[in-house]
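Bear in mind that the values here come from a model prediction, so they are computed numbers and not experimental data.
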Amino acid sequence: MYLVYTPEGSEEPKRWKYQPKKLMSAEREMLERYTGRNFSEFTVDVQKGNSRCRRALLYLYLKREHPTLKFDDVDFAWDELTLEHSKGELLLMRENVVDTVPADQLPAVLEKLDEEIAAAYEDPDEEGKAQLPIAD
């Protein structure tokens, strides 16, 4: 999954690979402090669209590049920040959807996933089997 930040006036979006299981413990603790959620809850709430969780995640990635950045300095319009599944994640979802979606809805769900797969960002460095971005 990717966190994609496109501030108004920017020509190219800033894209970070979001892999919750690869974040360092200090980063996970920081996210817990700023959001008041344990890390497992945080990963779910990021995907559900929780504003504070997404702001904290953006702060984490921006702070890596700008170490003096303060949390209160991070502000964005809602349409400037998105989460996008990688092509590998979408392919994994497509594989698993057959077991989770009622048969009468399956063709429509597969069609939608195929559209997303065709448009998905493909990281040339992505190796191995994709995992869904939920921390255990």
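Note that CG of L57 is 7.5 Å distant from CG of L23, once rounded to the nearest 0.5 Å. Between H85 atom NE2 and L91 atom CG the span is 12.0 Å, to the nearest 0.5 Å. Distance check: M30 CE to S25 OG gives 12.0 Å after rounding to the nearest 0.5 Å. Here CG of L90 is found 8.5 Å from CE of M1. Values are rounded to the nearest 0.5 Å. We find the CG-CH2 distance between L58 and W16 to be 5.5 Å, quoted to the nearest 0.5 Å. Considering NZ of K22 and CD of E27, their distance stands at 13.0 Å, rounded to 0.5 Å.
Within the 3.5 Å criterion, the main-chain N or O of E89 finds a donor-acceptor partner in the side chain of S86. Side chain of E80 to backbone of A77: a donor-acceptor contact under 3.5 angstrom is found. The main-chain N or O of N38 is found under 3.5 Å from a side-chain atom of E41 such that the two form a donor-acceptor pair. Of the possible donor and acceptor atoms, one in the side chain of R54 sits under 3.5 Å from a partner among the backbone N and O of V46. For the pair R37 (side chain) and C53 (backbone), a donor-acceptor distance under 3.5 Å is absent. R52 places a side-chain N or O within 3.5 Å of a backbone atom of Y34 that can act as its donor or acceptor partner.
Checked against a 6.0 Å centroid threshold, the rings of Y2 and Y18 do not count as neighbours.
Residues M24 and Y61 do not share a hydrophobic cluster, defined by chaining ILVMFWY side chains whose heavy atoms lie under 4.5 Å apart.
The two residues D73 and L69 have their closest heavy-atom pair at CB-CD1, 3.9 Å. Of all non-hydrogen atoms in F42 and A56, the two that sit nearest each other are CE1-CB, 4.5 Å. The two residues W78 and S51 have their closest heavy-atom pair at CZ3-OG, 3.6 Å.
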Apply side chain to side chain contact (heavy atoms under 4.5 Å, CB included) to residues F71 and R55 and explain how you reach the verdict.
CA-CA 8 Å; F71 182 76; R55 180 178 175 203; 3.5 Å; yes
Under the side chain to side chain contact (heavy atoms under 4.5 Å, CB included) rule, what do L81 and V4 come out as? Steps first, then yes or no, please.
CA-CA 6 Å; L81 190 67; V4 183; over 6 Å; no
Would you please test D45 and T35 for side chain to side chain contact (heavy atoms under 4.5 Å, CB included) and show each step?
CA-CA 10 Å; D45 288 349; T35 64; over 6 Å; no
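Residues M93 and V97 are not in side-chain contact: their nearest non-hydrogen atoms beyond the backbone lie 4.5 Å or more apart.
The number of heavy atoms from other shown groups lying within 6.0 Å of CG (D104) is above 12. Residue-environment remark: CD (E8) stays at or below the threshold of 12 foreign heavy atoms within 6.0 Å.
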Name each donor-acceptor pair under 3.5 Å that joins a side chain in residues 110-118 to protein atoms two or more places apart or in another chain, with its distance.
residue, atom, partner, partner atom, Å
D114, OD1, R94, NE, 2.5
D114, OD2, R94, NH2, 3.2

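Both tests pass for R15 against the ring of Y121: distance under 6.0 Å to the centre and angle within 45° of the axis.
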